[in-house]
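Each chain gets a letter, A, B and so on, in the order the sequences are listed, and its residues count up from 1.
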Amino acid sequence: MKRLVKGTVWGLVAVLVFSANAWSFGRKTVIKVGINAPITGDIPKVGEGTKYAAQMWLADIEKAGGIEVGGTKYPVELVIEDNESKAESAVKANTKMITEDEVLVIVGPQSSKQAVPAGDVANNYETPMITPWSTNPDSTKDRPYCFRGCFLDPFQGPVLADFITEEFGFTTAAVLYDVASDYPKGLAEFFREAWEKIHGPGSVVAFESFTTKDTDFSSQLSKINKSGAQVLFTPQYYNEVALIVQQAHELGWTGPIVGSDSWGSAETVALCGKDCYGLFFSTHYAAAGAQGATKEFIERYEKTYGYTPDDVAALTWDSLRLVQTAIENTGKITGKIKQDRKAVRDALARVKNFKGITGDMTFTEEGDPNKCAVIVRISDKGEYEFYKLVCPD
Amino acid sequence: MRNRTTTSAPAAGFRSRLRQFTASVPLIGWLLGIFGAVLAEYFLGDLVSYYLGLPKIPVLFGLLTVLKKPLLIPGILGYLVLVYAIPVVIIVRIMQKPANRLAEFLAGKRVTIAALVHLSLFYGALHLWADISDYRLLVLKLTMIAIMLTLSINVINGYMGEFSCSHPGFMALGAYTASTITLLLFANDKQFGPALLPEALGFYFFPLALVAGGIAAAVGALVIAIPSFRTRGDYLAIISLAFLFIVKSIIENLEFVGGPRGMSSQPDYANLPMVFTVMVLCIWIINNFVRSTMGKALNAVRDNELAADAMTVDTRRTKIITFLFGAFWAGVAGGLFAHVLRYVNPGSFGIQRLAEILAMVYFGGLNSVTGSIVGAVSINVLSEALRPLEIYKWIIIPLLLILVMLYRPTGLIAFTEFKPRELMRPKTTKGGE
């Protein structure tokens, strides 16, 4: 027994000597930024882009010696949490970052199925959160602490309808979308609404659906072929885009196929090949022929990680820069986390004409940005070429 | 007994004394010790963690911190010893005799009363522990829900011996039914408009909503039970898998529950006491069910259906009731899940969820209530603790599963009975030796 007591005491002494506190006393004020990203799960590429953009941002900050607020430079720490592309995991990650790591602000989660429940957590704990990629209105609706970095589907749908009408002068359209996925379904409906507003009811001659992970679209595409549609709109993700486009061409579809920002991944062209050349889609930014800061970002990303960044990386970068601007604009970091979070939120809401690499941004009262959409044409070399800029009125 | 060689005599002596000591402490003594440790953390945790150079009180026993910052390992170990181990040892040592007397006194009473005393002590400890951080609270709630799910699938896959794959489907039915009820009646939301009943009543009606969710799941189970009467084994697995997809597709196409977009902002009714009470009820009722005549009949049907039939077991009735019973609890768990997250979407109830539930039940052990609890808790805590490892987590957990399947093919604690009275009995030092 005596030995046990002695052992415990010596053990504790050793612990005290070797603990981190023995070298650095006191707790410094560090600005912590949380990243909630799908690093494992269904969409790991999205998580990777998020992580890489965040690390690039951190490297910039470290080079500058921290974020300067009110004349003092504060060191910055990133807290990157994996949300496994699951709703409950995203909620856990947000709760952990807010209550345990005490982050000042959160960037992420990317997809709506995580951003909606995670945004609820952030709002309840009064922690500002920017979701770079989520397009579901619920992510920010009635949540003063939630913001987003991209435009919304109720804006994107009409943009595409107008663009097709002006560009080609078509009057009939077909839509093919995934009924089981939140984003394509919402966008397909907004597009139909906008199209029928211009060309009258019934002008969307085929409105065909399939379910996630389907790979054969021949029956839907045959129907679309027979419907007399002049253009096919398909707001799908990169893996499905390749299949749909190739199968459509095999079945004799000759008209243009138009997509949405979900096409924006580098994988689209890699999987689809020549079939996709010459097609159009709307997105947040165009990589080929970019200018200024956007070009700089793309070149740096390509050099560091070996591939062209997709829209997620660019939007994450913009969100982080927005966060940085907001923190700088607060004028003072008190070290009291509650107060600082509120100050950052207020500063975010006040941001006017932020110059991002995906366009200029000003937040509306809902926390959604007023920004322009880019129409991109896939060139004959498979690059995403800037074609046209469409801004909200 | 273990061999004792002369060379390791002092160590063996210490070990056997330790074993003797632990065997002499009744459950209530341990619970008192845990309560004391949690109390120590509640009042001294901040101070201790500050002097050990830790940024905060380590949640989840420092597992998360250790993986991110290995430099803090000595601090974490010191914290665990100071805050958990020492109070537990001291209290258990001091309280050994009084605890035994208390246990003896409780053993004379009815099991219900004894169990209530134990449970309230346990709940007290959990409440204080979860009070330190909301992250702990969330992990605790989700773990409790996982326990319910694992237990309810164990009834079907373990005790009945069928391979059912429709558990996420039952969960979805429960989650959507309970959410629809609470959102429609007690919440002002965009899905169903203003509340139909006063919001203050909501919390008291919440258990009813959960029961309704359970019943919806049971009705769903009836839908698969009828066509699959004549099938066993693989065929039932296929039919139940089909059911899972059907439920998911139906919800995705039902616009009034939000389609693929799901439903959000459920009222915040699923607090810790609520989840804990429902979980205890679930364990209690399922344990009684599997130890009843019904449970014995169930095992008979599993081992040999023809023989059981010959021994006057109504096999069809037994199977149906069990299936509905398991589905009911999955539905209740789903209802709680929806109100803990305050968001449901059909995507949450797919194959991935099925894999998780199956992993928990097979890891813990078939045909065993204790096994289910162990399986659910270990898989949940493990997957939370290994979170900083990102992709490697999905190598480590499956590897562990494979190892368990190799060395303990039926799971960690399989084919045991959970006997509350045995667990709570007093333990005198003389009795065992």
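The OG atom of B:Ser264 sits 16.0 Å away from atom NZ of A:Lys113, with the distance rounded to the nearest 0.5 Å. In this structure, CG in B:Asp134 is found 10.0 Å from CD1 in A:Ile98, a value given to the nearest 0.5 Å. Atom-to-atom distance recorded for B:Arg387:CZ and A:Ile39:CD1 is 10.0 Å, nearest 0.5 angstrom. For the atom pair CG (B:Leu137) and OG1 (A:Thr95), the distance works out to 9.5 Å, reported to the nearest 0.5 Å. Taking OG of B:Ser265 as the reference point, atom NZ of A:Lys141 lies at 10.0 Å (rounded to 0.5 Å). Distance CG/A:Asp138 to OH/B:Tyr343: 8.5 Å, rounded to 0.5 Å.
Contact of A:Ala93 with chain B is made through backbone and side chain together, with heavy-atom distances under 4.5 Å. Contacts of A:Asn124 with chain B are made by side-chain atoms alone, with heavy-atom separations under 4.5 Å and no backbone atom involved. Only the side chain of B:Leu138 comes within less than 4.5 Å of a heavy atom in chain A; its backbone stays farther off. Interface residue A:Ser89: backbone and side-chain heavy atoms are both found under 4.5 Å from chain B. Contacts between B:Ile57 and chain A at a heavy-atom distance below 4.5 Å involve the backbone alone (N, CA, C, O). Only the side chain of B:Leu64 comes within contact range of chain A, judged by heavy atoms closer than 4.5 Å.
Here the closest heavy-atom approach between residue B:Pro260 and residue A:Ala180 is recorded as CB-O, 3.4 Å. Contact record, B:Lys56 with A:Thr99: NZ-O, 2.7 Å, taken as the closest heavy-atom pair. Contact between B:Trp394 and A:Thr40 at its shortest, heavy atoms only, is NE1-OG1, 3.3 Å.
Under a 4.0 Å N-O distance rule, the pair B:Glu384/A:Lys96 does not qualify as a salt bridge. Between A:Lys185 and B:Glu252 there is no salt bridge, since none of the side-chain N atoms of the basic residue sits less than 4.0 Å from a carboxylate O of the acidic one. Salt bridge absent: A:Glu100 and B:Arg136 never bring a charged side-chain N and a carboxylate O closer than 4.0 Å. The existence of a salt bridge linking B:Lys141 and A:Glu88 is excluded, since no basic side-chain nitrogen approaches an acidic carboxylate oxygen closer than 4.0 Å.
Chosen from A:Ser181, A:Pro44, A:Ala118, A:Ser112, the residue pairing most often with chain B at heavy-atom distances under 4.5 Å is A:Ser181. Most heavy-atom pairs under 4.5 Å with chain A, from the set B:Val340, B:Val139, B:Asn345, B:Val59: that is B:Val59.
B:Leu341 places none of its side-chain heavy atoms less than 4.5 Å from the side chain of A:Pro117. Residues A:Val79 and B:Lys68 have side chains in contact (heavy-atom distance under 4.5 Å, counting atoms from C-beta outward).
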Exercise. Given B:Asn253 and A:Val179, is the side chain to side chain contact (heavy atoms under 4.5 Å, CB included) satisfied, shown in steps?
Worked result: CA-CA 8 Å; B:Asn253 286 289; A:Val179 74; 3.5 Å; yes

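Atom CD of B:Glu255 has more than 12 neighbouring heavy atoms from other residues, nucleotides or ligands inside a 6.0 Å radius. For CZ of B:Phe21, the number of neighbouring non-hydrogen atoms (other residues, nucleotides, ligands) closer than 6.0 Å is greater than 12. Within 6.0 Å of atom OH in B:Tyr42, 12 or fewer heavy atoms from other residues, nucleotides or ligands are found, so the atom counts as exposed in its surroundings.
A donor-acceptor pair under 3.5 Å is absent between the side-chain atoms of A:Lys86 and the main chain of B:Gln352, judged by distance alone.
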